[in-house]
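The structure displayed is predicted, hence computed values, not measured ones.
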Amino acid sequence: MGDFGLLQGVPQRSWQALMQIDSVAFVHVDLDGRIRHANAGVSRIFGYPPGQLIGQSIEVLLPGALRERHAGYLSDYIRRRAAGRVRASPIVRQTRHFPRELRSPDGEFLRFSAVASDGRAVPITLTVNEVHAASGELAGFVGMMVDCSDEYALQERVRHQALHDEATGLLNWRGLHDAVVRLDRNNRQARRDDGHTLLNIDIDHFSALAFECKAVADHAIVLTARWLRDRVEGWGPARRGLVARHFSATEFLVHLAEMSHEGASELAEALRADFCSLNLGTDINPFYTTLSIGVARADAGMTLDYLLARAVNACHIARVRGHDRVIVAAEQDSQVYALGHEIRHAMRAGRIDVHAQRLVPLSRLHEGEESPRLHFEVLCRLRDRRGERIDPGRVFLAAEKLGLAVALDLHMIGRVLGTLDRHRTCTAALAQCSINLSGITLSSESAFAEIRRLIRVHGTDPGKLCFEITESSRICDRQVALCNVRQLRAMGCRIALDDFGSGYSNYQSLIQWPIDVIKIDGSYVSRILEAGALKTDIEGMIASAKARGIEIVAEYVETESVTRALQQMGVDFAQGYRFHRAEPIERLLRRLDTCANGPG
């Protein structure tokens with residue numbers, strides 16, 4: 001396979017031995033880039049008949065995107081080598097290992113490979129060295145190529161397993177992420193920004209099927225995956241639809257590119273409407289259910305992780321609202337997540353202020369007469385990084401949605417008890433300090449243990465603490481919450497039901513919960529002077545509480561006329577701007593210290 005005389009200095013028998021090796025490909029290339037010798041390995045690896053490559057350009061073995069560049073590089077190297085300007089080469093005397101990737105002129109990444117006679121790419125490891133004449137001048141190059149097809153196939157299997165869900169064959173989250181990154185890169189190179197939308201799809205009530213038989217449930221997941229992929233691929237406008245399986249066993253993701261937000265919503269509705277006819281069970285025991293779908297549209301510069309968070313949150317809202325519906329992520333969702341970062345940072349940086357607002361006993365409210373003991377509620381006031389106050393309602397809503405409610409409640413309790421500990425001289429005059437608890441905190445056994453520890457560490461008298469729970473709050477575990485309430489009362493703490501009348505349970509709350517205080521919601525108090533059914537409702541609340549020995553507090557009391565009406569109805573305490581505007585708790589306690597220790 002070639003003229004051995006061209007390889008001066010190489011023993012003929014040695015070269016003949018190399019020519020017979022078929023597990024490794026050897027080629028000798030002259031200074032014109034022409035193949036002068038090729039061994040049996042070239043035929044076996046690349047499929048060329050013996051002798052066919054002799055005289056052809058070495059570029060015949062290179063991928064098309066690299067051929068032109070290689071020819072120019074070779075001629076430039078030979079010219080610089082002859083002039084003595086080349087001291088080191090990235091190719092000569094170097095080994096280029098599979099699976100190294102090369103960047104082509106158009107920016108694409110290419111596998112390091114050669115091209116076989118049938119056009120297929122053969123992954124290789126390449127080593128190149130120079131061949132010198134007897135005079136020492138450069139006479140050509142010898143390349144050794146090792147076929148890495150088996151390693152490539154193994155790597156592809158491992159890569160497929162890493163990027164796909166084993167049960168369904170769909171992309172997993174990492175696979176979807178990589179696919180979207182490539183798509184975004186191609187769009188940027190093409191200077192195109194078509195936007196994209198993500199659907200988070202959850203199978204409703206799937207636990208009922210999984211409880212019956214795991215094998216049937218596993219088959220149902222595979223069936224759903226196949227159905228979903230067929231529906232997305234068959235949807236007319238879905239030119240680029242990627243279907244993936246989410247972290248949760250029952251959740252799937254659909255990424256839609258080059259589709260309008262309206263088109264994505266239409267697809268989501270079509271999926272929801274069609275799914276109810278799919279039997280996930282068996283012919284003997286059929287199982288039909290529905291889908292909850294969250295739809296999120298990517299804004300400029302939005303990462304896929306952030307887009308996923310919005311879609312997941314929208315899907316959660318769909319489940320909370322009763323399942324079998326499509327919810328489109330609203331702009332407010334982005335604000336909620338941004339606020340979550342503010343809450344976390346504020347707790348670490350100490351930007352949460354503790355304010356207090358007094359509760360005034362209406363039975364002692366006569367001219368010149370003050371209550372000898374102090375009642376107040378502590379309030380959370382959060383400032384953003386610019387120092388501006390954030391609405392407390394937004395803070396608590398974001399905290400509950402993002403799982404920060406427990407951390408925020410414990411942070412506030414620790415701050416309040418620490419403040420009372422520093423002002424021990426005035427605690428004798430303190431009748432009651434009210435602290436709000438979220439329903440999530442109330443449902444947590446670990447949170448209750450931490451509250452008990454904080455009370456013990458700061459030496460606080462539990463009898464001076466009242467924990468307020470909102471009637472409409474989201475209680476995760478009612479049994480745990482009821483147990484925690486009973487234990488708090490056993491310690492001596494009091495329990496108040498806040499915003500009474502705003503929830504759905506109303507009077508049932510008085511029966512089911514051991515309550516010491518109810519706080520009538522401000523929406524009732526502000527309209528207490530109106531005649532008719534509203535006034536009758538308030539009188540009914542008061543009568544029901546009085547019959548059970550429960551104290552009554554009216555919130556948002558702002559006028560003298562409302563105060564007199566509350567007194568006539570038998571309300572025990574009033575809270576609002578009519579008597580006291582919330583102020584930092586430290587300032588209120590210092591003033592109390594001054595009054596207690598001053599002259600007279």
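Proximity of E212 to N285: side-chain heavy atoms (C-beta onward) are nowhere separated by under 4.5 Å. At least one side-chain heavy atom of L482 sits under 4.5 Å from a side-chain heavy atom of W513. Counting heavy atoms from C-beta outward, R245 and L171 have side chains that stay 4.5 Å or more apart. H255 has its side chain within reach of V180: a pair of non-hydrogen atoms, C-beta onward, lies under 4.5 Å apart. For the pair R344/L404, a side-chain contact is recorded, criterion being any heavy-atom separation below 4.5 Å from C-beta on. Between S292 and R325, every side-chain heavy-atom pair lies at or beyond the 4.5 Å cut-off. Proximity of Y288 to L278: side-chain heavy atoms (C-beta onward) are nowhere separated by under 4.5 Å. Between C483 and F448 the shortest side-chain heavy-atom distance does not fall below 4.5 Å.
The shortest heavy-atom contact between A447 and V406 is CB-CG1, 3.9 Å. In plain terms, the two heavy atoms of L291 and L271 that are nearest each other are CD1-O, 3.9 Å. Across L209 and A220, no two heavy atoms sit closer than the pair CD2-CB, 3.6 Å. For D204 against R319, the heavy-atom pair with the smallest separation is OD1-CG, 4.5 Å. Counting all heavy atoms, side chain and backbone alike, A399 lies closest to I343 at N-CD1, 4.1 Å.
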Evaluate the criterion salt bridge (charged side-chain N to carboxylate O under 4.0 Å, His left out) for residue pair R272 and D324; output intermediate values, then yes/no.
-> CA-CA 7 Å; R272 184 200 63 79; D324 190 23; 3.1 Å; yes
Would you sort out whether R548 and S544 count as a side chain to side chain donor-acceptor pair (under 3.5 Å), showing the intermediate values?
-> CA-CA 7 Å; R548 292 174 171 82; S544 181; 2.6 Å; yes
Would T289 and F275 count as a side-chain contact (heavy atoms from CB on, under 4.5 Å) if you check the C-alpha gap in whole Å, the side-chain angles of each, and the deciding distance to 0.1 Å?
-> CA-CA 8 Å; T289 186; F275 188 75; 3.8 Å; yes
Evaluation steps, side-chain contact (heavy atoms from CB on, under 4.5 Å), between I495 and R489 = CA-CA 7 Å; I495 302 297; R489 294 186 84 234; 3.6 Å; yes
side-chain contact (heavy atoms from CB on, under 4.5 Å) between I451 and L437, worked out | CA-CA 11 Å; I451 292 172; L437 285 183; 4.1 Å; yes
Give the C-alpha distance, both sets of side-chain angles, the deciding distance and a yes or no for salt bridge (charged side-chain N to carboxylate O under 4.0 Å, His left out) between D537 and R527.
-> CA-CA 11 Å; D537 289 343; R527 301 167 58 192; over 6 Å; no
Please report the C-alpha distance between R383 and E388 in whole Å, then the side-chain angles of each, then the deciding distance to 0.1 Å, and finally whether the salt bridge (charged side-chain N to carboxylate O under 4.0 Å, His left out) criterion is met.
-> CA-CA 5 Å; R383 290 174 287 113; E388 298 180 3; over 6 Å; no
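For the residue pair D409 / S438, a side-chain donor-acceptor distance below 3.5 Å is found, with atom types taken as modelled. In summary, the side chains of T419 and R415 do not present any donor paired with an acceptor at a separation below 3.5 Å, with no hydrogens or angles considered. Between the side chains of Q357 and R581, no donor N or O sits under 3.5 Å from an acceptor N or O. T303 and D305 are not linked by any side-chain donor-acceptor pair at a separation below 3.5 angstrom, with hydrogens and angles left out of the test. Using modelled atom types, one finds a donor on one side chain and an acceptor on the other under 3.5 Å when comparing T197 with R297. Looking only at atom types and distance, the side chain of R564 has no donor-acceptor partner in the side chain of S561 under 3.5 Å away. Inspection of the N200 and E251 side chains reveals an N or O donor paired with an N or O acceptor under 3.5 Å. For the residue pair E377 / Q575, a side-chain donor-acceptor distance below 3.5 Å is found, with atom types taken as modelled. For the 3.5 Å distance criterion, the side chains of T168 and D165 qualify, holding a donor opposite an acceptor.
Counting non-hydrogen atoms of neighbouring residues, nucleotides and ligands closer than 6.0 angstrom, the CD atom of E560 exceeds 12 such neighbours. Counting non-hydrogen atoms of neighbouring residues, nucleotides and ligands closer than 6.0 angstrom, the CD atom of E539 exceeds 12 such neighbours. Counting heavy atoms of neighbouring residues, nucleotides and ligands inside a 6.0 Å radius, atom CZ of R385 exceeds 12 of them. Within a 6.0 Å sphere centred on CZ of F287, heavy atoms belonging to other residues, nucleotides or ligands number more than 12.
Comment: D384 does not engage R389 in a salt bridge, judged by the lack of any side-chain N to carboxylate O separation of less than 4.0 angstrom.
Of the inter-residue distances, the one linking I390 atom CD1 with R394 atom CZ reads 6.5 Å to the nearest 0.5 angstrom. Summarising the geometry, atom CG belonging to D421 is positioned 11.5 Å from atom CG belonging to L454; distances are rounded to the nearest 0.5 Å. Rounding to the nearest 0.5 angstrom, the gap separating the CZ atom in R348 from the NE2 atom in H345 is 6.0 Å. Between the CG atom of L379 and the CD1 atom of I585 there is a distance of 9.5 Å, given to the nearest 0.5 Å. The line from CD1 of I520 to CD1 of I528 is 6.5 Å long, rounded to the nearest 0.5 Å. Note that OG of S434 is 8.5 Å distant from CZ of F376, once rounded to the nearest 0.5 Å.
A donor-acceptor pair under 3.5 Å is absent between the side-chain atoms of N279 and the main chain of P286, judged by distance alone. In terms of modelled atom types and a separation under 3.5 Å, the side chain of K519 and the main chain of A554 share no donor-acceptor contact. The main-chain N or O of F467 is never found under 3.5 Å from a side-chain atom of N436 such that the two would form a donor-acceptor pair. Side-chain atoms of T563 come within 3.5 Å of backbone N or O of T559 as a donor-acceptor pair. In this structure a side-chain-to-backbone donor-acceptor pair under 3.5 Å is present from K546 to G570. Side-chain atoms of R351 do not come within 3.5 Å of backbone N or O of M347 as any donor-acceptor pair.
Evaluation of the ring pair (Phe, Tyr, Trp, His ring centres under 6.0 Å) test over residues 200-221, restricted to residues two or more places apart or in two chains, returns H205-H323.
Between H375 and F573, the ring center distance clears the sub-6.0 Å criterion.
None of L176, L308, D202 except one satisfies the side chain to side chain contact (heavy atoms under 4.5 Å, CB included) rule with H246; the exception is L308. If you run side chain to side chain contact (heavy atoms under 4.5 Å, CB included) between V517 and each of L359, D498, V553, only V553 comes through.
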